[in-house]
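Heavy atoms only: backbone and side chains are in, while hydrogens, waters and symmetry mates are out. Each chain gets a letter, A, B and so on, in the order the sequences are listed, and its residues count up from 1.
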There are 4 protein chains.
Amino acid sequence: MNIQSQPRHIMDRREQILQATANLIAECGLQASPMSKVAKSACCGAGTIYRYFETKEDLVRELYKELTTQMNQACLQDYDRAACIKVRFYTIWGNFYRHMSSNPRDCALMEQLSASPAICCHFKDEAMEPLRQEVDQLIDEGKQQQLFKELPNETLAMFTFGSLASIAKKQHNMAEQCQPANVYETQNLLNLCWDAVKA
Amino acid sequence: MNIQSQPRHIMDRREQILQATANLIAECGLQASPMSKVAKSACCGAGTIYRYFETKEDLVRELYKELTTQMNQACLQDYDRAACIKVRFYTIWGNFYRHMSSNPRDCALMEQLSASPAICCHFKDEAMEPLRQEVDQLIDEGKQQQLFKELPNETLAMFTFGSLASIAKKQHNMAEQCQPANVYETQNLLNLCWDAVKA
Amino acid sequence: MNIQSQPRHIMDRREQILQATANLIAECGLQASPMSKVAKSACCGAGTIYRYFETKEDLVRELYKELTTQMNQACLQDYDRAACIKVRFYTIWGNFYRHMSSNPRDCALMEQLSASPAICCHFKDEAMEPLRQEVDQLIDEGKQQQLFKELPNETLAMFTFGSLASIAKKQHNMAEQCQPANVYETQNLLNLCWDAVKA
Amino acid sequence: MNIQSQPRHIMDRREQILQATANLIAECGLQASPMSKVAKSACCGAGTIYRYFETKEDLVRELYKELTTQMNQACLQDYDRAACIKVRFYTIWGNFYRHMSSNPRDCALMEQLSASPAICCHFKDEAMEPLRQEVDQLIDEGKQQQLFKELPNETLAMFTFGSLASIAKKQHNMAEQCQPANVYETQNLLNLCWDAVKA
DNA sequence: AATGAATGAGTCTTCATTCAT
DNA sequence: AATGAATGAAGACTCATTCAT
C-alpha cells in the first residue's frame, strides 16, 4: 500500500531540483543562483524546472517550506505531551539544536531565506505554525506550574530559538568541517536556556 | 580641529547615498534595489555613486560597516571597564537591545546583510571586532570571578547576542509601529540573559 | 461509397485539432496560442498534433486552407453560370457577405491570418484561386455586356471583396453578440457594390 | 521658436527605433521581430529601446499611433470644410488612397497591426478618431443634401475605407516595385466609391 | 565633479518539437 | 497510435557599469 499518490519518478525529479536549489543557494546565495545553474546542478533542462515550480519565487518558497517542515518534524521527535515540562523543554530545544547543528547547509539556508524579502512574512509564519503552537502550549503549562518567568510567550520562545540558532550558526562559521554536536555540549546549552526562562 | 580630511560636502554626498541605500534595501531587499533607484533616492546621477563607491558590492559593504560601527558605539556607550561585571554586562547588552529595538530599519538591514553571501564572513567578523573584544574580556573576567558558567566565550556571547537580536526582530515584525523598548521590558530581558549565563 | 481514403476516426482527430486551433487563435491571437494549449483544447497530447501536422506553421496553413475552402464553397452556393450577370453578382457577393457576417470567428481568423507573414502570399492566392476564377469570368462577361466599368478585373474584384469584408468585420467589432445579417441589410450592401462597379 | 520641448537628439533616437521597428515588422512580421533585432537594426543596444518604450507592446502601440497619425494628417491635407460634398469626398479618399498607395510599407504595417490582437480595439479606435469624426460629419451633411444613400454612417465609411485599402494592398502584392498611384487610376477608383455611396 | 544616456551580458521564462513509454 | 515529460534555443526585459558632455 503506497502512501504516495504520485508516481515515483515524478517525486524524484521534484526532489532533485529542490536539492540542487538548496545546495546552490547555500553556497552562492539567492541572487547568485540563476535558474540556469539550478538546472545544470539538477541535471535537467531549464524548462523542466517550470514543470514543477511556477516561478523562481515559487521554487524558493517550496524549498523554504520543505526545510521548515523537516525542522518542525525534527523538533517534535520523541516529544511526549504527557512528560513533565522540563523534559518536554529539553526534548524540543535539544532536537532543534541538534538539527541545526548537524545540518549546516539547511541552517545557513534557513537563515538566509528567513532574512530575505523574497519570501513574505505571512508565509514564513505559516510554515512555522505547528512548532509554534506546541511551544506555545508548553510555555503556557510551564507558567501555570510557575516554572517559567512571567514574560510574554513570544518573548520566551524567541529567546530560546534565537540563542540556539545563533550558536549553531556560529559553530558552522568557525569550523567549516562540522562534527555533529556532542551530547555534553548540547546539554550545557540547554541548561543555559532553562536557567534563563525558569522562574 | 577637524578630524576629517575630506571637505564637508563630499562627506554629505557619501552619507546621502548610504542613507538612500539603507532605506531602499530595508524596504525592498538587496536584489530589488538597483543602483538606478539608489541614485534616484539619493537625488543624484547613477554615475555619481561610483565616485564614492567602487561597485555595488562595495557600497553594500560600506553600509554594513557603518551600521556595525554605529552598533558597536551604541553598545559601548557609558561602558565603564572599572565597574563590576554585572553592571558592565547589563550596560553592554542593554545598550545593544535598546539600539536594535529603537532602530527597526537598521535591525532588519543587519539581519538581511548578515545572512547575505554578498558580504564575506571575514569582513563581517572584522566589523564586529571592537565589540567582540570588549565582550570577550568581560566574559574572561566574569569567569575568573566564577560568575559565569564554564562554557566557551564565543558560546556565551553568541547566546546573549542571538537571543536579544531575535526578540528585537520579532518585536518589529509584530508591531509595525515600533515604540522604543521601555525600561521595564529591557530589564526583564537582561535578567533572562544574566540568569542564563551566570554560574 | 466513401470518398475519403482515410479511416473515419483519423479525420475526426484532425478536425478536432483544427477546430481547437481556430477557437484559440480567434480568441488569443496566433502568438498567444502555443501548441500546448492547442493540445489541451483539442483534448489530446501535444505530440499527437505532430502526427497530423508537420509543424505549427503547417497547422496554421492547413487551418487557413480549410477556412478558405469553406468560404469558397459558401460563395458559390446556388451559383448558376447560366443566370444573368446581375443575379450571379448578387449571388456570389451575397453569399460572401452572409458567410462573413454569420461566422465572426472565421471572419476574424481570416483577417488575422491573411495579414500574417506566417503564411506566404503564394499560398494565400492559391487557396482563393477557385473563387477568383469564377469572379474573374463573371467580370469578363459583365464587361462584354458593358455592364461593368472598364477597370482591371482585379480592381473590381478587390473593391467588392474589401468593402464587404470591412463591413462584416466592423459589424463584429461593434456588436459582440452577432446576429446573422438580415436580408434587407445584405441587399442594401450589395446595391452599394453593384452601383459601384456598374458602368 | 522651437515647437519641440524635447532636445533634438532624443527625438532622433526614438524616431530611429520606431523606423527600425517599422521596417522589421513590415518585412518579417510582428512575431519574427525580436527586440534584439530591432536594436541591431536601430544601431543601439537592446536596453536602449527600453529608455524610450516601456515594453515591446508599448513600442508597437506607439508605432501604430504614429502610422495612424500620419495617415490622418495625409487624409485631411487640403481638406476644406467649406467645399462642396463631392470635392470633400474626393479630397479625403483621394488623399487616403494616394497615401496607402505610395507607402507600401506603412500600408502593410497598418493591415498587420490592425489585425493583431497585440493592440487592443479601444486603442485602435482612438487613434482613428480625428479622421472618423471628419468623415462622419461629411456623411451627415451629404445625407442632408440627399447625396448619399440612407445607410448607417459607419457602413458607408467602412465601405469606402475597406475597398480602397484592399485595392492598395493588392496593388502592392502584385507589383513589388511600387510606382505611386497615377492620377488617372486614382480618379477612377474614387468614381467607384462615389457611385457606390451616392443616392 | 556630476550627470544620465547607452550598453550588452545575464536573468527569468516560454514554447515548438522530440522521444521514451 | 497516443502521450506528455523533457529539452534548450530564443525572447523580453533588467541592471551594474561606463563615458561623453
Please report the C-alpha distance between D/R105 and D/Q19 in whole Å, then the side-chain angles of each, then the deciding distance to 0.1 Å, and finally whether the side-chain hydrogen bond (donor to acceptor under 3.5 Å, both in side chains) criterion is met. CA-CA 11 Å; D/R105 190 200 70 178; D/Q19 287 307 315; 3.0 Å; yes
Can I get a per-line list of side-chain donor-acceptor pairs under 3.5 Å for residues 29-41 of chain B, giving both atom names and the distance, sequence neighbours left out?
from	atom 1	to	atom 2	distance (Å)
B/S33	OG	B/L24	O	3.4
B/S33	OG	B/G29	O	2.7

Taking the side chain as everything from C-beta on, heavy atoms only, tell me whether A/Q112 gets closer than 4.5 Å to B/S116. no
At less than 4.0 Å, is any side-chain N or O atom of B/R14 found next to OP1 or OP2 of E/dA1? Yes or no. no
What is the distance, to the nearest angstrom, from the CD1 atom on C/I17 to the P atom on F/dA1? 13 Å
Could you tell me if the side chain of C/K65 sits less than 4.5 Å from the side chain of C/E126, heavy atoms only? no
Quick one, C/L18 and C/F53 - any side-chain contact, counting heavy atoms below 4.5 Å? yes
Any donor and acceptor pair, going by atom type alone, linking the side chain of C/T48 with main-chain N or O of C/C44 inside 3.5 Å? no
C/I25 atom CD1 is separated from E/dA16 atom C1', nearest whole Å, by 14 Å
Interface polar pairs with nucleotides 12-15 of chain E, N/O, under 3.5 angstrom:
from	atom 1	to	atom 2	distance (Å)
E/dC12	OP1	A/K56	NZ	2.7
E/dC12	OP2	A/M35	N	2.8
E/dT13	OP2	A/Y50	OH	2.8
E/dT13	OP2	A/K56	N	2.9

Side chains of C/R13 and C/R51: closer than 4.5 Å at any heavy-atom pair? no
Which whole-number value in Å describes the distance from B/K40 NZ to F/dC15 P? 12 Å
Identify the two heavy atoms, one from D/K124 and one from D/L113, that lie closest to each other, and give their separation to 0.1 Å. CE-O, 3.6 Å
Under 4.0 Å between a side-chain N/O of B/Y52 and OP1 or OP2 of E/dA2, yes or no? yes
Between F/dG4 and A/R13, is there an OP1 or OP2 to side-chain N/O distance shorter than 4.0 Å? no
How does DNA chain E read in dot-bracket, base by base from 5' to 3', with Watson-Crick or G-U pairs under 3.5 Å and | used when the partner is on another strand? .||||||||||||||||||||
Side-chain heavy atoms of A/I49 within contact of A/T21, under 4.5 Å: no
Within this structure, what is the NZ-to-C1' distance between C/K37 and E/dA16, rounded to whole angstrom? 15 Å
Look at the side-chain N and O atoms of C/R51 and state whether any lies under 4.0 Å from the OP1 or OP2 oxygen of E/dC19. no
